[in-house]
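Data block below; observations after.
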There are 2 protein chains.
Amino acid sequence: MAKNDVETLFQNESELTTSEKILDAAIDLIAQEGFDAVSIRDIAKTVGIRESSIYNHFKSKDEILDTIIDYFTVELARASALPAGIEGRLEEVGIEKYMEIGSNAFMERIMDPRVSKIWRVLSIELYHNKKIKDFFIQTMLNAPLDAWEQIFGKMIDKKLVKSYDPRMLAREFFSFGIYLYFVQFFLKYDENSRSFDDAALKELDDHIKFFIEAVRA
Amino acid sequence: MAKNDVETLFQNESELTTSEKILDAAIDLIAQEGFDAVSIRDIAKTVGIRESSIYNHFKSKDEILDTIIDYFTVELARASALPAGIEGRLEEVGIEKYMEIGSNAFMERIMDPRVSKIWRVLSIELYHNKKIKDFFIQTMLNAPLDAWEQIFGKMIDKKLVKSYDPRMLAREFFSFGIYLYFVQFFLKYDENSRSFDDAALKELDDHIKFFIEAVRA
DNA sequence: GTCTATAAGTGGATAGAC
DNA sequence: GTCTATCCACTTATAGAC
């Protein structure tokens, strides 16, 4: 990586605008200490400018957080979507492969070291930021549950899966993702381990195998 | 409840010491806004004394939080312990009853409206307080996983349960509790709904039924 | 677009009278 | 054990020179 601490989340490090540098620094600091504990001075010092200069790019401290939230909730929302093209190919690929592809698509976005710091920021601010809370409820909870409910409904129709309540199956399957997320971003997070480790991937693999064995018709 | 907003967490409301009033007020305010956002002045105003008087009872703001953490982590740690007496009665009570009793013991502590505010405080401060983080890893994660691993090991020995890896079974069973906790205290928490609602209990019930059907030998 | 200087407010904490 | 008064470090944010 480069000479400074801040791993950039934007494309070309050499051509970063000051606004992008500010956002990078803010993300880095907030991920470590939380939004309240980070001051405009801290951010300015990390970027290498005076605090008053920050206000040429953002009109308030809150606007910095809002920009981070708006920029990345859109980006991260794609994580819960299933990969395009797999939709109609249920019989072709089989249950195992189907669930594996769906899970991996989800996990890869969360594992990505480029965005794991953002996940940490959103996790930290979740408790008192309505925008983040709504994002989580919608994107991390309801959307995946709805998607998996539909998928399990179809699997039941095709007699690939026992006729359980599809919503219950969606919860049984997806709740494990929330568990892994919580353990990773609340209990095990530190600045050095920014991505899911192999143990978590093994646990997910075990979960998929156990679940499939439990529901296969 | 009484004439003021603060539901006391201590025994006799009429005989609360000032220290206890301060802790109650602090818990109430922190559960709503987080520790950083609550000032000594806020706490003093809620109690009805001047901020300087706070320092006759606690030597710093941090000591207030520490007292809350120390007092309740001990209390809450009991939540993850299985009820005494059930230990050796596995054959007698059967798998369903055994798991139901274990789960209920855990859930009742979390549901208790008296302590759910404390759970919220601990959840909010989890990300930057090592003491709380250690408590969670030990009491909310490792201890329950160890306990259930042992139990499932015994169930497998007695051929009550298929011979899966007991640690994997512990994760499959207990991760749903983490999911329910996360949804409750991070996504759905607000001052009015302080306890788990019936939907969560129904979801837990579904989970237990699904799990038993999946593992029964 | 960055700087210096400063405003205006809030925070935790202490001294000393009662 | 509570009060008034005060300290001072730190915060966000603005004004205006360069």
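Letters A, B, ... mirror the listed sequences (proteins, then strands); counts begin at 1. Keep in mind the model is a prediction, meaning the values are calculated, not measured.
- In the model, B/His207 has a side-chain atom that pairs as donor or acceptor with a side-chain atom of A/Glu172 under 3.5 Å.
- Atom NZ in A/Lys59 sits roughly 15 Å away from atom P in D/dA15 (whole-Å rounding).
- Residues B/Thr18 and B/Glu51 both approach DNA chain D. Their nearest nucleotides, taken by heavy-atom distance, put B/Thr18 toward the 5′ side.
- Rounded to an integer number of Å, the gap from B/Glu33 CD to C/dG11 P is 10 Å.
- Going from atom CD1 of A/Ile64 over to atom P of D/dA13 covers 9 Å, rounded to whole Å.
- For A/Ser60, whose side chain is taken as the heavy atoms from C-beta onward, the closest listed nucleotide among C/dC3, C/dG11, D/dA13 is D/dA13.
- At the heavy-atom level, A/Val47 lies nowhere under 4.0 Å from the strands shown.
- Closest contact between the side chain of B/His57 and the listed nucleotides D/dT11, C/dA13, D/dG1 involves D/dG1.
- With C/dA13, D/dT12, C/dG12 as the choices, the nucleotide that has an atom nearest any side-chain atom of A/Ile40 turns out to be D/dT12.
- One interatomic measurement links the two molecules: CG of B/Asp42 to C1' of C/dT10, which rounds to 10 Å at whole-angstrom precision.
- Here the side chain of B/Ser52 is nearest to one of D/dT12, C/dT14, C/dC3, namely C/dT14.
- For the pair B/Arg41 and C/dG11, the criterion of a side-chain N or O lying under 4.0 Å from OP1 or OP2 is not met.
- Closest to the side chain of A/Ser53, out of D/dT12, C/dG12, C/dC3, is C/dC3.
- Taking the six-membered ring for Trp and thresholds of 30 and 60 degrees, A/Tyr98 and A/Trp148 have ring planes more than 60 degrees apart, a perpendicular arrangement.
- Atom P of nucleotide D/dT4 and atom CD1 of B/Ile49 are separated by 12 Å, given to the nearest angstrom.
- Between B/Lys45 atom NZ and D/dC3 atom C1' the separation is 17 Å, expressed in whole Å.
- Distance B/Lys21 NZ to D/dG1 P: 12 Å, rounded to the nearest Å.
- Checking D/dA13, C/dC3, D/dC3 against the side-chain heavy atoms of A/Tyr55 singles out D/dA13 as nearest.
- By the 4.0 Å N-to-carboxylate-O rule, A/Asp165 lies too far from A/Arg171 to be salt-bridged with it.
- Rounded to whole Å, the distance from CG on B/Asp36 to C1' on D/dT12 is 16 Å.
- You'll find that the side chain of B/Lys61 is closest to C/dA13, out of D/dA13, D/dT4, C/dA13.
- Both tests do not hold together for B/Lys130 against B/Phe135: distance to the six-membered ring centre under 6.0 Å, angle to the ring axis within 45°.
- Annotation: cation-pi geometry not satisfied between A/Lys131 and A/Phe136 (NZ/CZ under 6.0 angstrom from ring centroid, within 45° of ring axis).
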